[in-house]
K.L.:
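Encoded as structure tokens, here's the structure I'll be asking about.
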Amino acid sequence: MVRRAWLSPVGVLRYPDPPSFRRRIVGHNLASVRRHGKFIFIDLDGAGDHGSVPASELLAIHLGMTGRLSLDDPEAVPPPHTHLRLLLSSGAELRLQDYRRFGRVVLGSLEELRAHRVLPVLGPEPFNGALTQRQFDAVLRRSRRPLKALLLDQSRLAGLGNIYADEACFRAGIRPTAVAAKLTPERRRRLLRAIDDTLASATERRGSSVDDYRDGFGEKGRNQEVLLVYGRAGLPCPRCHGTLVRTVVAGRTTVYCPRCQR
DNA sequence: ACCTACCTGGCC
DNA sequence: GGCCAGGTAGGT
């Protein structure tokens, strides 16, 4: 149960206002945790309601570029840029640190968050078998944008960011600039498999600590050690040993191999 | 498809 | 000082 909620003055809370936030979370249990795409959803329930209707309120957290969640000793001095602290009855404190403040926190019912437009509509996840090839094909065929722009569009497909979009395109042998709707069925199959492999690798290694990413235990991931193209412009392609090229697609730095990716 | 903005910090 | 960075939103 949440005993006390503390918010930093600058904060990452987008909705509702801080007093409402505190009122609506203190005394409630953090009942379950789910994830969809880059959002973490924590379902609240009414503590002491014993079998009554659950509040159906949820806490949605997006870590942005530099957000970090951790469970800490409440007595420990919070690190700089700590924007949310939830003191729990378990004795631990759930903390959100985010020095760039691109992260976001919202609290409310799904309907409410939608109505206030503080929770974007998220597309399906193209991995973990959550999306059939048929459904994935339909998404690709509907878009004449560059493939990478589509992969990064969370309203169409949820979960891929700049690193894994590049990695998946490389594994599939497809240029990030390829027009999504023009991919052949064979290439679409390769792409879905490539996305799955890319994210399986990343999650097994607990993420890519290219810079300051740390997992919920404050540990670095190890996936940055096996990235094939991201951050490797000018270096040899791991497959053909030609030079990897940097360009910009959808406003984001993009690295690919002009020989292996067509 | 492009800009700009939102932020801090590391690097040159 | 300028540029860049894992993300997204808003405007043209």
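Both backbone and side-chain heavy atoms feed into the values below; hydrogens, waters and symmetry mates do not. Letters go in sequence order (proteins before strands), and every chain restarts at 1.
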K.L.:
Distance check, C1' atoms only: dA1(B) and dG6(C), in whole angstrom units.
P.N.:
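It comes out at 23 Å once rounded to the nearest Å.
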
K.L.:
Distance check needed: dG9(B) P versus F102(A) CZ, whole Å only.
P.N.:
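To the nearest whole Å, that distance equals 12 Å.
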
K.L.:
Whether the side chain of Q224(A) engages the backbone of S209(A) through a donor-acceptor N/O pair (distance < 3.5 Å, no angle test) should be reported.
P.N.:
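Yes: the side chain of Q224(A) pairs with the backbone of S209(A).
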
K.L.:
In terms of side-chain heavy atoms of H81(A), which of dA1(B), dT8(B), dA5(C) is nearest?
P.N.:
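The closest nucleotide is dT8(B).
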
K.L.:
Between the base of dA1(B) and the side chain of R145(A), is there a donor and acceptor pair under 3.5 angstrom?
P.N.:
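A donor-acceptor contact between them is absent.
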
K.L.:
Any donor-acceptor pair under 3.5 Å joining the side chain of R101(A) to the base of dC7(B)?
P.N.:
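There is none.
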
K.L.:
So does R24(A) pair up with E112(A), basic N to acidic O under 4.0 Å?
P.N.:
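Salt bridge flag = yes for E112(A) with R24(A).
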
K.L.:
If you round to the nearest 0.5 Å, how far is CE of M65(A) from CZ of F102(A)?
P.N.:
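With rounding to 0.5 Å, CZ (F102(A)) is 6.0 Å from CE (M65(A)).
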
K.L.:
Quick one: does any side-chain atom of D43(A) pair with a main-chain N or O of A31(A) as donor and acceptor, under 3.5 Å?
P.N.:
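No; judged by distance alone, with no hydrogens or angles, the pair does not exist.
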
K.L.:
In whole angstroms, how far is the C1' atom of dC4(C) from the CG atom of D212(A)?
P.N.:
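Taking CG of D212(A) and C1' of dC4(C), I get 13 Å after rounding.
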
K.L.:
To the nearest Å, how far apart are L152(A) CG and dG6(C) C1'?
P.N.:
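Spelled out: CG on L152(A) to C1' on dG6(C) is 11 Å.
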
K.L.:
Distance check needed: dA1(B) P versus K148(A) NZ, whole Å only.
P.N.:
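Rounded to the whole Å, the gap is 14 Å.
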
K.L.:
Taking the side chain of H62(A) as its heavy atoms from C-beta onward, which of dG6(C), dT8(C), dC7(B) lies nearest to it?
P.N.:
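Ranking dG6(C), dT8(C), dC7(B) by closest atom to the H62(A) side chain puts dT8(C) first.
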
K.L.:
Is the aromatic ring centre of Y99(A) closer than 5.5 Å to the centre of the six-membered base ring of dC7(B), with the two planes inclined by less than 30°?
P.N.:
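The ring of Y99(A) is not stacked on dC7(B).
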
